[in-house]
Amino acid sequence: MRSRHVFLLAALSTLLVLSPAVMPTATEAQASLKPFDLIAWNGGEFIYGVDYYPEAEGPVDKDAEMMQAAGINFVRMAEFAWAKMEPTEGHYDFVWLDRALKVLNAHGVKAVLGTPSASPPAWLMAKYPDIAAMDENGVRYRYGSRRNYCLNNPHFLAAVQGIVTAMAEHYKNHPGVLGWQIDNELGGPDCYDSLCQAAFQKWCRTKYGSLDAVNQAWGTIFWGHTYSAWSQIPLPWNTLYGVHNPSLELDYHRYFSDASRNFLVMQTDILRHMAPGKAITHNEMGMFDNIDYSHLNTAIDFVAWDNYPMIDFSGHASYANYEGAGLAHDLMRGSKSQQNFMVMEEEAGLPGWNTFWGHQAPPEMYRLWAYQAIAHGADGVCYFRWRTSRYGTEQYWQGVLDQDSYANARYAVVKQTGTEVKRLKDVLEGTHPVSQAALLVSPDTRWAFNVQTLVKGFDYNGQLHRYYDSLRRQGVNVDVVFPQGDLSAYKVVVAPSLFVLTPDLVRKLTNFVAGGGTLVLTYRSGVKDEHNVFTDQTLPGPLAQLAGIAIHDYDPLVDATSQQEIVMNGQHYPAKVWSDILTPGTAETLGTYGKLYYAGSAALTRNASGKGSVYYVGTEPDSPEFYDRLLDRILHSVGIALGPQPPDGVEVETREGSGRKVLFLLNYTAAKQSVDVGQAYRDALSGAPASGAVELPEFGVRVLVNQ
Ligand code: GLA
């Protein structure tokens, strides 16, 4: 394997000069440093669009008329049109795209063009079969599907550079092209070929400098896995029992995330140098965790993401569960320092592939989800897709129109929303969600839990939701922050199951508490160091002093049903997944365990530290009431004002700025609802005054402004 690799390196050294594995990212052309104003970018219009595929559908003039009538002023195109734009190697054809752009632009519709690297053409993969990623058994994927490439294949990288350069050259001065989307939903697959192994080894070498440092950091002495040459370092591929060193696996996750970012940067560098006036984004996937979006997004101008609430992988998708998309919106906003973002693919109909069906939603939901995105900081909403495809894998994935182009109920809803967002532009511009409470999401922790599953029933995102959902039920806006983020704006930071800690993060949390912040920690915190090595300090490791507790015993509640309970203020709440049995030092006990041999031991503590305090929740209470009571106490103690209290199935969220406060009331139920908003507002759509109990129709929305 090694000699083949060396040969390839020598033969393709010219191409490799440009490969992501060796590209100096330190010199990468900068993403805009000041917050990107999406509305100004779109010529002062709220971005309202559809994903459009003129390479396969039309007629474009008829479509453009219908789009314009629905208030659509934006399309994303071309992200899967590589074969059409470069039908044979090095011969580019943009005539069809120019024609479509001309017609769309004439109807007031501008475009973002996707670089098409997610779907390499058949001729390219036939010529260079090694472009296909290799699975962990050493077999390359066959041609078909998409996102099937090896991130380190020099032929692929050269071909991507070719098409991206041609697009940049052709469209650099086109006034109807606002910017670019890089690739499509980066994040996989993992490729286990020799180029990727060499790239991982190189990444390790850059990070650690010496093999001694790698062996030390990963604790390779365990089972005698000590490496004496860089080339011995494996990828986390198939082994007997499927196990690997967890430290190697965490670094592999970091490497893969970096490699994906380098691939993106290879493209952004070309585009920024050749077409400097245009903005760059990438369509991301909300809670998806194979990439550290907070790092990736330092290379793009603004965040965009793809929101499909009715895909039902969990079996729990329901349009009443607004917190699912809500947290994903907030995480996406937080992945670029709370800057407003856009939705590049907003669900426009039933999700369905060859292999699965999602759930159908009432047409009004497509308006409601657009408003939810806006409430959480979106300055643009683009529906996937204009028309359901007649061809290929996604014939059951509904667009706004179906294949017959009939102006259906979804089109009517999209048209209504289009008229409204045009009117709301002035109210929205310059506003964004403002929060005093934050949820800390740690990519290292998420990866470490993926590497070593805690117990059946543990779900890191589920932990986030326990606290997030409660804050949202109490009408409190929530920011998501990443470990490198700034905590100074927050009164409360909830950091669920903070498993992996770096010294920097420990310092940051310590300073936050010393300065008066309230930190909420939960079970399995402080267990691992930055190398995914178990701490040798008493748990919760470097957080023990801050939390004022010691943990000398724990109990994995392995069968995932409610087996434990937590007793707080005389009330018993079911608990599951895990029990950290707490020994308070300086902390006071607020709750105890109710069952098993450790009944009566501390389960919930609070430690006064510096000017702030630290709560530690040792288990996973299984009733929303527990979280509501605990957070209600915390919010009151730090003086965070609760928003209007929404009934079940109703969401409230605010945006503020430019002297305005905009209150969104969103009803996800099929019943009329009302929310007491107290103070005097104006309905931003009708202009009518609104105060006290404000009525919401079934699946209805009210946007209120305080001026
Ligand atoms: C993703 C992709 C789109 C499309 C939709 C629907 O979000 O980005 O190209 O495939 O899913 O499946």
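The analysis underlying the following values was restricted to heavy atoms, covering all of them including side chains, and did not include hydrogens, waters or symmetry mates. All ligand and atom numbering here is 1-based and tracks the order in the structure.
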Problem - Contact partition for Asn283 relative to ligand 1, non-hydrogen atoms under 4.0 Å - result: side chain
Exercise for the section: Compute the minimum heavy-atom distance from Arg146 to ligand 1 and say whether it is under 4.0 Å. Expected result: yes
Exercise for the section: Could you check Glu57 against Trp386 for side chain to side chain donor-acceptor pair (under 3.5 Å), going step by step and ending with a plain yes or no? Expected result: CA-CA 10 Å; Glu57 59 182 318; Trp386 171 240; 4.9 Å; no
Exercise for the section: Run the numbers for me: atoms of ligand 1, each under 4.0 Å from some heavy atom of Asn184, listed by number. Expected result: 2 (C), 8 (O), 9 (O)
Problem - Taking atom 6 (C) of ligand 1 as the reference point, the nearest protein heavy atom with its distance - result: Trp397 CE2, 3.3 Å
Exercise for the section: Could you go through the side chain to side chain donor-acceptor pair (under 3.5 Å) check for Gln267 and Thr115 one step at a time? Expected result: CA-CA 8 Å; Gln267 302 192 35; Thr115 67; 2.6 Å; yes
Practice task
Look only at interatomic distance and state if Glu345 has a nitrogen or oxygen under 3.5 Å from any nitrogen or oxygen of ligand 1.
Solution key: yes
Problem - Rounded distance (nearest 0.5 Å) linking atom CE of Met342 with atom CD1 of Ile39 - result: 11.5 Å
Completion exercise
Under 4.0 Å from one or more heavy atoms of Trp353, ligand 1 contributes atoms 12 (O)
Exercise for the section: Measure centre to centre between the rings of Tyr319 and Trp369, then say whether the value is under 6.0 Å. Expected result: no
Fill in the blank from the handout: heavy-atom search around atom 5 (C) of ligand 1 in the protein gives Tyr308 OH, 3.4 Å
Completion exercise
The atoms of ligand 1 lying under 4.0 Å from a heavy atom of Glu185, numbered in the order shown, are 1 (C), 2 (C), 7 (O), 8 (O)
Problem - Sub-4.0 Å atoms of ligand 1 with respect to non-hydrogen atoms of Phe80 - result: 9 (O)
Exercise for the section: Give a yes or no on whether the ring-centroid distance for Phe263 and Tyr149 is below 6.0 angstrom. Expected result: yes
Practice task
Taking the side chain as every heavy atom from C-beta outward, state whether Tyr468 and Asp330 have any atom pair closer than 4.5 Å.
Solution key: yes
Problem - Glu394 contact mode with ligand 1 (heavy-atom cut-off under 4.0 Å) - result: side chain
Problem - His282 ring center near Trp305 ring center (under 6.0 Å) - result: no
